[in-house]
There are 2 protein chains.
Amino acid sequence: MAAPLDPDMFDPVCPTDLMPIRTGDKWAGMIIRCLEGGPRRFSELRVPLRGITAKVLTQSLRALERDGYVTRTAQTHPVRRTEYALTPLGASLLGPLAALCAWAEEHWDELLDAREAGTAALAGGKPFSAG
Amino acid sequence: MAAPLDPDMFDPVCPTDLMPIRTGDKWAGMIIRCLEGGPRRFSELRVPLRGITAKVLTQSLRALERDGYVTRTAQTHPVRRTEYALTPLGASLLGPLAALCAWAEEHWDELLDAREAGTAALAGGKPFSAG
DNA sequence: CGGCATCCCATAGGATACTG
DNA sequence: CAGTATCCTATGGGATGCCG
């Protein structure tokens, strides 16, 4: 309870730093979830990911590919067709990801209430303007 | 398997958008985990969160407070002492969070290998420079 | 100790237009 | 269809310094 925190709790090379859902990847988690049901095409992914631009989707997909979460299979011959699929590594993330989403849905109301209350209570206090 | 994706899979007001570990909060998840063992003081939190600046820690804590994940209790009288603790909502996130971390540790080697291989394979291909 | 103020930069990511 | 190429902005977040 009052035991001191482990200074190495978040190691300089903390594993979580390698996770796709870490800071600076807004879409990675959603993309992975979209691939849960099997391979999907580029434009197919754009549907549920409403509002994502082609550029950003490409970026995210490339990053996920680079880090071994998805594979890319392109074909040009008869028609152009590119499919993205989860690697075993990527698929193994589905569990934890689903847990997170389940949590969010479960606490949906609380989240809304808390945010509303918090915004009101702390209103006017924007200690850090823009940097 | 080949069923079309639900266009509303990620609703415009998707619950996950409210999560603290979503895009743009590098530290939220780690902070919450630091509070698992009970209330912690400001400077106490800075230890495991190596390298975090006071400004950023304050920012993150304020955001977490605003969204109802943590509470802030300040005292100035004898000595200055501020304590941060998890709300029930915040505590309820510990589970999913732990699952994520467990996953990361479990796949630690794979992550390293995949990233290394991916970086090599896709080397030279930096389609998107800086904007 | 627990911040706040200020300056600064890197970059995620959106808008738009074009291509094989 | 599946991207690329540019341009642009918002902001996360680090550095440094000061304060009650």
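In what follows, chains carry the letters A, B, and so on, assigned in the order in which the sequence lines appear, proteins first and then strands, with residues in each chain numbered from 1.
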What is the separation between atom [atom1] on [X] and atom [atom2] on [N], rounded to the nearest whole Å?
X       : N      : atom1 : atom2 : result
A/Gln59 : C/dA15 : CD    : C1'   : 13 Å
B/Phe42 : C/dC4  : CZ    : C1'   : 10 Å
B/Arg62 : D/dT11 : CZ    : P     : 20 Å
A/Leu49 : C/dG13 : CG    : C1'   : 13 Å
B/Lys26 : C/dA10 : NZ    : C1'   : 12 Å
B/Leu57 : D/dG12 : CG    : C1'   : 15 Å
B/Arg46 : C/dC1  : CZ    : P     : 10 Å
B/Leu45 : C/dG2  : CG    : P     : 9 Å

Handout entry: Residue list, salt bridge (Lys or Arg N to Asp or Glu O under 4.0 Å) with B/Arg80, at least two apart or on another chain
Key =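 Checked B/Arg80 against salt bridge (Lys or Arg N to Asp or Glu O under 4.0 Å); zero matches.
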Handout entry: Non-neighbouring partners of A/Ser92 that pass side chain to side chain donor-acceptor pair (under 3.5 Å), sequence neighbours left out
Key =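 Listed in chain order: B/Trp103, B/His107.
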Problem - Among C/dC4, D/dC7, D/dG14, the nucleotide that comes nearest once only the side chain of A/Lys55 is considered - result: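 When the side chain of A/Lys55 is considered, D/dC7 is the closest of C/dC4, D/dC7, D/dG14.
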Exercise for the section: Could you say whether A/Val56 or B/Leu61 is positioned toward the 5' end of DNA chain C, judged by the nucleotide with the nearest heavy atom to each? Expected result: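 Result of the comparison: B/Leu61.
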Practice task
For a salt bridge (charged side-chain N to carboxylate O under 4.0 Å, His left out) with A/Glu44, tell me which candidate from A/Arg46, A/Arg40, A/Arg41 qualifies.
Solution key: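 Exactly one pass, corresponding to A/Arg40.
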Side-chain N or O of [X] less than 4.0 angstrom from OP1 or OP2 on [N]?
X       : N     : value
B/Arg72 : C/dG2 : no
B/Arg41 : C/dG2 : yes
B/Ser43 : C/dG2 : yes

Practice task
Any chance you could measure B/Leu93, atom CG, to B/Ile32, atom CD1, to the nearest 0.5 Å?
Solution key: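 B/Leu93 atom CG to B/Ile32 atom CD1 measures 5.0 Å (nearest 0.5 Å).
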Handout entry: Spacing of CG belonging to B/Leu100 relative to CD belonging to B/Glu105, to within rounding of 0.5 Å
Key =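 Between B/Leu100 CG and B/Glu105 CD, I get 11.5 Å after rounding to 0.5 Å.
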Exercise for the section: Measure from the side-chain N and O atoms of A/Asp67 to the backbone N and O of A/Tyr69, and report whether any donor-acceptor pair falls under 3.5 Å. Expected result: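 Pair absent, no side-chain N/O of A/Asp67 close to backbone of A/Tyr69.
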Handout entry: Least distance between heavy atoms, B/Ala114 atom then A/Leu89 atom
Key =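 In this case the closest contact between B/Ala114 and A/Leu89 is CB-CD2, 4.2 Å.
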Practice task
For DNA chain D, determine which residues of residues 73-86 of chain B have any heavy atom closer than 4.0 angstrom to one of its atoms, and list them numerically.
Solution key: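 Correct list: B/Arg80.
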